[in-house]
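A quick note: this is a predicted structure, and the numbers were derived from the prediction, not measured.
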Amino acid sequence: MIKLRYSKKLFRRSSSKGSTGSGSDGDAGVGGRGEIEWEVRPGGMLVQKREGRGDVEVITVRVATGFSWHDVSIGATCTFGELKVVLSMVTGLEPQEQRLLFRGKEREDSDHLHMVGVRDKDKVLLLEDPALKDMKLRAALASQATVQPATYQPFIKV
């Protein structure tokens with residue numbers, strides 16, 4: 001956290017009450033010393049620290065999966081990995097089986113939604129990972145091939 005001093009003339013806050021000079025109306029930052037607290041966001045941007053905002057902005061993302069779509073509500077500062085976890089509850093696909101595309105590019109699990117530019121009502125495409133899909137299909141065919149000879153009964157005896 002970085003603290004910078006500033007002139008009271010540059011950053012005055014208007015108040016409906018008269019200024020008492022005690023700093024109780026919050027016009028002087030922390031303890032009335034004229035300091036602003038700064039924080040660094042995940043993208044590296046230096047911004048003024050928000051006080052008293054415990055709530056997180058929630059956005060609704062429309063996730064298209066082939067011919068169907070799902071509206072998912074998630075925090076704007078969440079990652080694509082967290083979105084995959086929420087989608088696993090909706091679609092039944094495990095997070096490692098999912099590929100999420102936004103604006104034509106596959107996004108990493110560590111990418112933050114707000115840093116990539118995902119806003120409220122934006123569309124994200126969900127694809128099943130083709131390599132894992134192929135492995136599932138081969139495993140299903142192999143299990144059927146091993147089961148069929150054991151249950152195979154000839155109709156005609158020669």
Side-chain angles (χ1 to χ4, degrees), residues 1-140:
M1 180 175 10
I2 302 170
K3 292 185 179 182
L4 298 176
R5 294 193 179 270
Y6 68 93
S7 171
K8 289 185 181 182
K9 292 180 183 178
L10 294 175
F11 299 99
R12 285 191 190 170
R13 289 191 182 178
S14 61
S15 175
S16 61
K17 300 176 185 177
S19 178
T20 60
S22 65
S24 62
D25 59 348
D27 64 333
V30 179
R33 294 187 316 240
E35 296 178 356
I36 296 177
E37 292 186 27
W38 298 87
E39 65 182 355
V40 179
R41 293 286 168 87
M45 182 182 288
L46 181 67
V47 295
Q48 185 175 355
K49 187 173 183 179
R50 294 184 242 169
E51 297 294 329
R53 273 198 76 191
D55 59 326
V56 177
E57 182 184 0
V58 177
I59 59 173
T60 302
V61 179
R62 177 167 282 186
V63 181
T65 59
F67 296 108
S68 63
W69 50 269
H70 307 281
D71 285 333
V72 178
S73 295
I74 192 165
T77 58
C78 291
T79 61
F80 278 91
E82 293 168 345
L83 179 59
K84 284 182 178 182
V85 171
V86 172
L87 288 172
S88 68
M89 292 184 271
V90 175
T91 61
L93 289 174
E94 292 297 319
Q96 62 269 17
E97 298 173 358
Q98 301 174 12
R99 292 178 56 203
L100 292 177
L101 283 82
F102 179 68
R103 292 186 181 161
K105 295 181 182 176
E106 183 177 0
R107 302 300 175 168
E108 297 294 324
D109 290 349
S110 60
D111 291 344
H112 289 266
L113 297 173
H114 70 288
M115 296 304 296
V116 174
V118 179
R119 296 188 186 127
D120 195 28
K121 305 290 186 199
D122 276 354
K123 183 177 173 183
V124 175
L125 183 63
L126 170 67
L127 300 174
E128 188 175 358
D129 190 7
L132 291 173
K133 189 175 183 179
D134 187 41
M135 286 176 29
K136 278 186 187 178
L137 183 60
R138 287 177 190 245

Minimum side-chain heavy-atom gap Asp71-Val61 below 4.5 Å: no
Take atom CD of Glu106 as the centre, draw a 6.0 Å sphere, and report whether it contains more than 12 heavy atoms from other residues, nucleotides or ligands. yes
Value rounded to 0.5 Å, distance of CG in Leu87 from CG in Leu93: 9.0 Å
Quick one: list whatever passes side-chain contact (heavy atoms from CB on, under 4.5 Å) with Leu125, sequence neighbours left out. Ala64, Leu101, Leu127
Apply side-chain contact (heavy atoms from CB on, under 4.5 Å) to His112 and Arg41, showing your working. CA-CA 11 Å; His112 289 266; Arg41 293 286 168 87; over 6 Å; no
Once rounded to the nearest 0.5 Å, what's the spacing between atom CD1 of Ile74 and atom OG1 of Thr79? 7.5 Å
Check each of Lys84, His70, Glu97 against Thr91 using the side-chain contact (heavy atoms from CB on, under 4.5 Å) test, and report the only one that passes. His70
Let me confirm one number: the CZ-CG distance from Arg99 to Leu126, rounded to the nearest 0.5 Å. 10.5 Å
Would you name the heavy atoms of Phe80 and Arg107 that are closest together and state the gap between them? CZ-CG, 3.6 Å
Side chains of residues 113-120: which donor-acceptor pairs under 3.5 Å do they make with residues two or more places apart or in other chains?
from: His114; atom 1: ND1; to: Ala76; atom 2: O; distance (Å): 3.4
from: Asp120; atom 1: OD1; to: Thr60; atom 2: N; distance (Å): 2.7

